[in-house]
Amino acid sequence: MSITKEFFKGLWNENPVLKLVLGLCPALAVTTSLINGVAMGLASTFVLVMSNMVVSLIAGFIPKKVRIPSYIIVIASFVTIVDLVMHAYLFSLWEQLGLFIPLIVVNCVILGRSEAFASKNNLVLSIADGLGMGLGFTLALGSLGAVREILGNGTLLNVQLFGPDFPPFLLAILPPGAFIFLGLFLAGMNKIESMRNKRKGLHPPEPIEADASRCCMTDMSVLQKKLESEEEKSPQVA
Amino acid sequence: MKQLFPLAFALTAIAAIAAFGLAMVFQVTEEPIRAAETLKRVQAVDSVLKGVVYENSPVPFPGDESFINTQMVNAAKANDQEKLTEICGDSMIAFLESPVTDEAKITASDWYKFGDYWYFVARDSSGAVLGYAARVFSDQGYSGYVETFVGIDISGKVIGMQVTDHRETPGLGSKINDPDFKEQFIGNSLETHEFEVTKTGEPNRINAIAGATISTRAVTNPIRIGLQLIEKHKDEIANSKAVTEGEGQ
């Protein structure tokens with residue numbers, strides 16, 4: 001367990017979108033351009049780092065039974081702060097992302113990291129984890145946004161790439177395009193991973209199952225049961 | 001009961017601390033947010049009055065006099081993004097820090113209030129009425145408040161419209177700001193158009209956005225009422241010059 005390890009795992013090995021397949025709602029909805037993807041990613045990163053930080057500090061004081069509502073209050077507060085600050089100082093960006101910012105509250109990645117990591121680790125490791133996961137999320141959203149913007153609009157960061165004659169592949173920036181390109185990204189990740197393993201002489205890994213069973217809520221119900229059985233054994237310490 | 005107390009205490013403590021933090025951030029951001037929102041509406045007035053060359057100014061804006069000066073209005077009117085950024089930064093911070101001189105404040109206002117809605121009356125230099133920009137709204141959106149600016153020419157024809165505030169569902173209700181939807185209003189007046197929502201494609205009505213009929217109504221109904229109000233008060237406006245508030249209903 002080292003800081004760098006916790007940081008880098010979020011970028012590739014446990015990338016929230018491309019490996020854990022979490023937080024797909026924003027990944028699909030806002031990635032119509034590079035700037036939207038990156039902005040959403042950075043906003044989420046901020047919330048993730050701050051909530052991880054606070055949760056790792058207060059986890060010891062919070063009775064286990066109310067920990068989820070407590071984490072949600074922490075997360076919702078930071079999301080509101082991001083919303084207000086962007087509204088005040090980055091108005092044009094807020095106009096585009098404003099409708100999606102409140103959705104960060106229900107982003108699986110953030111509650112998932114609070115529950116699975118920050119509540120069990122110290123402050124520094126939690127910050128490293130939040131930063132890594134957040135930047136991995138930003139990376140995934142940014143690259144997805146870049147590909148969709150290039151193909152669907154013929155631009156990158158609003159700069160024309162192919163001249164005025166380029167016929168845009170409109171599907172790429174429409175909602176179906178989000179699914180198609182996310183699928184291609186996941187396939188690419190699996191391919192790279194299996195090639196890496198082959199080189200190391202390992203068996204190819206199980207392909208990622210992108211279904212709801214991987215969502216954090218499942219893990220939580222398992223955890224809840226585990227906690228309850230622990231509580232039965234020893235009386236709860238508030 | 002004994003077990004409940006620590007739980008309730010922990011939740012209350014966290015909520016109280018969170019509320020305190022939010023209150024502080026709100027205090028700091030309140031003014032820049034209001035300024036940015038007002039500037040957006042000043043620009044909206046200009047954009048819905050497309051093609052109307054008016055000489056009077058929509059500033060001071062109803063409910064907000066302190067933030068905008070002539071320089072900004074002119075830049076906004078000319079849609080000169082560079083100048084705007086120069087004056088107010090991306091976010092108007094620079095502007096807020098600089099004092100607003102009395103000279104810069106425009107005192108004459110051509111805003112009228114009929115019913116619930118405010119109307120900006122566009123005039124040329126002689127004071128003749130060229131058109132109106134109505135700020136209409138509805139509380140009946142899918143997620144509450146929906147505010148729309150409508151540009152109306154003197155014959156009562158809609159010449160432009162823009163939704164300036166809404167919280168409708170992304171991808172569904174948010175289509176009320178798509179050009180395809182807005183196009184339906186342009187060029188129509190009460191004489192030729194019902195300004196009612198239809199789901200079956202009847203002529204001279206507004207086609208509901210698929211899956212977002214409520215959002216469509218929250219835009220269409222206020223526009224109809226807004227048009228009816230201006231029709232009723234037309235003469236009153238023509239006969240008065242630069243009176244701030246007309247007779248309410």
Side-chain angles (χ1 to χ4, degrees), chain A residues 25-26 28-30 32 36 40 50-51 54-55 57-103 105 173-176 178 231 235-238, chain B residues 2-40 43-44 81 84-85 88-94 96 142-143 162-177:
Chain A
C25 164
L28 295 169
V30 303
T32 48
N36 280 4
M40 186 66 184
M50 298 306 282
S51 66
V54 173
V55 164
L57 288 175
I58 63 173
F61 306 105
I62 295 179
K64 287 203 169 84
K65 279 179 182 160
V66 293
R67 71 191 189 290
I68 303 282
S70 307
Y71 299 164
I72 289 288
I73 292 173
V74 171
I75 294 166
S77 304
F78 283 117
V79 169
T80 311
I81 289 173
V82 169
D83 191 39
L84 287 172
V85 170
M86 275 180 76
H87 195 168
Y89 303 117
L90 297 163
F91 191 71
S92 54
L93 196 61
W94 181 86
E95 290 237 277
Q96 286 178 41
L97 291 179
L99 291 172
F100 297 101
I101 296 286
L103 295 180
V105 178
I173 48 170
L174 295 176
E231 273 167 27
Q236 192 190 330
V237 192
Chain B
K2 225 175 168 185
Q3 283 174 327
L4 277 180
F5 183 74
L7 303 186
F9 179 77
L11 270 182
T12 311
I14 288 176
I17 295 167
F20 182 74
L22 284 178
M24 303 240 292
V25 177
F26 179 78
Q27 282 241 312
V28 176
T29 54
E30 190 185 8
E31 297 211 337
I33 288 176
R34 232 174 69 204
E37 289 286 345
T38 304
L39 179 64
K40 177 171 86 173
Q43 285 176 308
Q81 214 54 50
L84 263 177
T85 319
C88 32
D90 192 31
S91 51
M92 315 191 51
I93 302 313
L96 283 174
Y142 196 70
S143 316
Q162 187 183 342
V163 178
T164 44
D165 196 4
H166 74 91
R167 287 262 156 190
E168 304 303 286
T169 320
L172 279 174
S174 64
K175 285 187 188 153
I176 49 177
N177 233 347

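Basis for what follows: all heavy atoms, side chains included, without hydrogens, waters or symmetry-related copies. The chains referred to below are lettered A, B, ... by the order of the sequence lines, with proteins before strands, and numbering in each begins at 1.
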Practice task
Evaluate the criterion side chain to side chain contact (heavy atoms under 4.5 Å, CB included) for residue pair I14(B) and I62(A); output intermediate values, then yes/no.
Solution key: CA-CA 9 Å; I14(B) 288 176; I62(A) 295 179; 3.5 Å; yes
Handout entry: Minimum heavy-atom distance P63(A)-P6(B), with the two atoms named
Key = CG-O, 4.1 Å
Practice task
Under the salt bridge (Lys or Arg N to Asp or Glu O under 4.0 Å) rule, collect the residues that match up with E30(B), sequence neighbours excluded.
Solution key: none
Completion exercise
Residue pairs passing the salt bridge (charged side-chain N to carboxylate O under 4.0 Å, His left out) test with at least one member in residues 88-99 of chain A, sequence neighbours excluded, are E95(A)-K40(B)
Problem - Note, V85(A) side chain near V28(B) side chain (heavy atom, < 4.5 Å) - result: no
Problem - Distance, nearest 0.5 Å, that separates NZ of K65(A) from CD of Q3(B) - result: 5.0 Å
Exercise for the section: Decide side chain to side chain contact (heavy atoms under 4.5 Å, CB included) for L39(B) and F91(A); before the verdict, give the C-alpha distance in whole Å, the side-chain angles of both, and the deciding distance to 0.1 Å. Expected result: CA-CA 11 Å; L39(B) 179 64; F91(A) 191 71; over 6 Å; no
Handout entry: Residue part contacting chain B, namely of P102(A), when any heavy atom lies under 4.5 Å
Key = side chain
Completion exercise
Expected contact set for residues 16-25 of chain B against chain A at heavy-atom separation under 4.5 Å reads A18(B), L22(B), V25(B)
Would you give me the side-chain donor-acceptor pairs under 3.5 Å for residues 71-82 of chain A, sequence neighbours excluded?
unit_1 : atom_1 : unit_2 : atom_2 : d
S77(A) : OG     : I73(A) : O      : 2.7
T80(A) : OG1    : A76(A) : O      : 2.7

